[in-house]
Amino acid sequence: MAKSATILVKLVSTADTGFYYVTKKNPRSTTEKFEFRKYDPVVKKHVAFKEAKIK
C-alpha cells in the first residue's frame with residue numbers, strides 16, 4: 001500500500017495565545033511553510049497563523 005501524500009501540520013497563532021489549528025498539507029506540491037490569517041477566539045480577532053510541526 002502506498003504512503004499518504006498528506007501530512008498533518010499545526011498552525012500556531014502569532015498572537016502568543018497558544019491557540020492552534022490542525023490542517024493537512026501535501027509537502028510534495030507545497031514546499032514552503034503555510035501562513036494564513038485566521039480567527040483566534042482568545043483575542044477575538046483575525047491574526048496570522050504560521051505552520052509548526054506536530055510533536
Side-chain angles (χ1 to χ4, degrees):
M1 184 143 183
K3 267 187 157 180
S4 175
T6 59
I7 59 170
L8 290 177
V9 294
K10 182 162 58 169
L11 298 174
V12 181
S13 173
T14 57
D16 292 328
T17 59
F19 188 79
Y20 63 92
Y21 289 98
V22 176
T23 187
K24 291 181 182 180
K25 171 185 172 178
N26 184 342
R28 294 178 191 159
S29 63
T30 311
T31 55
E32 64 275 355
K33 292 193 178 248
F34 277 161
E35 183 171 346
F36 296 111
R37 280 185 51 85
K38 292 178 76 68
Y39 184 73
D40 189 341
V42 179
V43 292
K44 298 178 183 166
K45 292 182 181 178
H46 278 79
V47 296
F49 280 75
K50 292 190 176 184
E51 178 183 332
K53 282 193 174 183
I54 295 179
K55 294 184 180 178

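- Figure legend: cation-pi geometry between Lys38 and Phe49 absent, as NZ or CZ is not positioned both under 6.0 Å from the six-membered ring centre and within 45° of its axis.
- For the atom pair CD of Glu35 and CD of Glu51, the computed distance is 10.5 Å after rounding to the nearest 0.5 Å.
- Cluster annotation: Tyr20 and Val43 are assigned to distinct hydrophobic clusters (Ile/Leu/Val/Met/Phe/Trp/Tyr, side-chain heavy-atom contacts under 4.5 Å, transitive).
- Using cut-offs of 30° and 60° for the angle between ring planes, the Tyr21 and Phe19 rings count as perpendicular.
- Clustering ILVMFWY residues whenever any of their side-chain heavy atoms sit less than 4.5 angstrom apart, transitively, puts Val12 in a cluster other than the one holding Val47.
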Next on the checklist: side-chain contact (heavy atoms from CB on, under 4.5 Å), that's the test. Do Leu8 and Lys24 meet it? Break it down for me.
Outcome noted: CA-CA 5 Å; Leu8 290 177; Lys24 291 181 182 180; 3.7 Å; yes
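- Annotation for Pro27 and Ala5: closest pair CD-O, 3.3 Å, computed over non-hydrogen atoms.
- Here the side chains of Lys50 and Phe36 are not in contact, with every heavy-atom distance at 4.5 Å or above.
- Of all heavy-atom pairs between Glu32 and Lys25, the closest is O-NZ, 3.1 Å.
- Between Lys44 and Tyr39, the closest heavy-atom pair is CA-OH, 3.3 Å.
- At a threshold of 4.5 Å between non-hydrogen side-chain atoms, the residues Val9 and Lys53 do not count as touching.
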